[in-house]
Amino acid sequence: MVGVTEFLSNTTTPKIAALLLGKQLRLATPTGILTAWITETEAYLGATDAGAHAFKNHQTARNQALWQPAGTIYIYQMRTQFLLNLVTQSAGVPECVLIRGIEPVEGVAQMQRNRPVPLANLTTGPGKLMQALGLDKTLNGTLLSSTTLDLRLTPARNPQQIATSPRIGIVNKGDWSTAPLRYYVAGNPFVSQVKKRDQDLAQHGWQATII
DNA sequence: ATGAGGATTTCCT
DNA sequence: GGAAATCCTCATA
């Protein structure tokens, strides 16, 4: 039985970003449990990564959580949106994975009350999924499992195929703008900017067996 | 389909 | 004052 902290810290951050696909986010709310499979992630590689908030180890009031241990939640606000990241290495190593897409499992009706749009547009982006979960930055700096938000390693799904691409929105950052640090479940409809013709409506890009 | 502009917090020049 | 790990609306085609 591998714990979440161990899972998040015993390999490189890009590998963790890929391994997170198919794992389950679980949020306990006063009116019910919300769960979803992770479908899309991005790796942010700390002090050396020109696209990361921790580039050159620059600490600010906003990004303190990145220097906390693996399993720490890093949430920050960009304009009107909140973005969810999970810290992936031991304390002092400011690397993280951004959660960019999730496939709702339990509590879909509650998610749609939080964010009243069609299911196809509910969680297909990092800001959208936070609206659907009803989260702001209250959980920033706390540990997974210590409050209401949890990462579950089982049950889980296996992607049939993992696709990669450059990270979204990282511009004018040289090689870091083109590095293939975005990972998503090929064919899954709950991925940002995915085209209709690329969607696998039957299996959503998952293998049939739930682990 | 694609693109411009605005909402609004945090950080940097 | 400007840009940013985003999303929505409105315009044009």
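Note that this is a predicted model, so its numbers are computed, not measured. Residue numbering restarts at 1 for every chain, and letters A, B, ... go by the order of the sequence lines.
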request  = Using a 4.0 Å heavy-atom cut-off across all strands, classify A:H58 as base, sugar-phosphate, or nothing.
outcome  = sugar-phosphate
Side-chain H-bond candidate by donor/acceptor type, A:R182 with A:S165, under 3.5 Å = yes
Residue pairs fulfilling salt bridge (charged side-chain N to carboxylate O under 4.0 Å, His left out) with at least one residue in residues 97-111 of chain A, sequence neighbours excluded = A:E40-A:R100, A:E42-A:R100
request  = Quick one: closest heavy-atom pair of A:Q89 and A:T12, and the distance?
outcome  = NE2-C, 3.9 Å
task = Send over the distance from A:F55 CZ to B:dC12 C1', rounded to a whole Å.
result = 14 Å
Hphob cluster co-occupancy, A:F55 + A:I168, side-chain heavy atoms under 4.5 angstrom = no
Short N/O separations, protein against nucleotides 4-9 of chain B, under 3.5 angstrom:
unit_1: B:dA7; atom_1: N6; unit_2: A:R79; atom_2: NE; d: 2.6

key: Side-chain donor or acceptor of A:S9 paired with backbone N/O of A:T5 under 3.5 Å   = yes
task = For residues A:D200 and A:G205, report the shortest heavy-atom separation together with the two atoms involved.
result = OD2-N, 2.9 Å
note = The first and last nucleotides of DNA chain C lying within contact of chain A, meaning any atom under 4.0 Å from one of its heavy atoms, run from C:dA4 to C:dC8
key: Close aromatic pair by centroid cut-off 6.0 Å: A:H53 and A:Y44   = no
note = Heavy atoms of A:V87 and A:P69 approach each other most closely as CG1-O, 3.6 Å
inquiry  = Would you measure the distance from the P atom in C:dG1 across to the matching atom in B:dG6 and give it in whole Å?
reply    = 15 Å
message = Just so I know, are the side chains of A:R115 and A:N121 near enough to count as touching, which here means a heavy-atom distance under 4.5 Å?
response = yes
note = Tightest non-hydrogen contact, residues A:L139 and A:T147, listed as CD2-OG1, 3.3 Å
request  = Scan A:L84, A:D150, A:L34 and name whichever one has a side chain to side chain contact (heavy atoms under 4.5 Å, CB included) with A:L25.
outcome  = A:L84
task = Show your reasoning for whether side-chain hydrogen bond (donor to acceptor under 3.5 Å, both in side chains) applies to A:T88 and A:T13.
result = CA-CA 6 Å; A:T88 52; A:T13 298; 2.8 Å; yes
task = May I ask you to say whether A:K56 pairs ionically with A:D49, meaning some side-chain N is under 4.0 Å from a carboxylate O?
result = no
note = Taken to the nearest whole Å, CD/A:Q59 to P/B:dC12 is 12 Å
Test side-chain contact (heavy atoms from CB on, under 4.5 Å) applied to A:N85 and A:Y76, step by step = CA-CA 9 Å; A:N85 302 260; A:Y76 77 97; 4.0 Å; yes
query = Between residues 116-136 of chain A and DNA chain B, which residues have a heavy-atom gap below 4.0 Å?
reply = none
query = Reading DNA chain B 5' to 3', what string of ( ), [ ], | and . shows its pairs, if Watson-Crick and G-U wobble pairs count only when both distances fall under 3.5 Å?
reply = |||||||.||||.
task = Say whether A:V117 and A:F190 are linked into one hydrophobic cluster, either directly or through other cluster members, by side-chain heavy-atom distances under 4.5 angstrom.
result = yes
query = Near DNA chain B, which residues from residues 163-181 of chain A have a heavy atom under 4.0 Å away?
reply = none
ask   = When we call it a touch if two heavy atoms are under 4.0 Å apart, what does A:R182 touch: a base, just sugar-phosphate, or nothing?
value = nothing
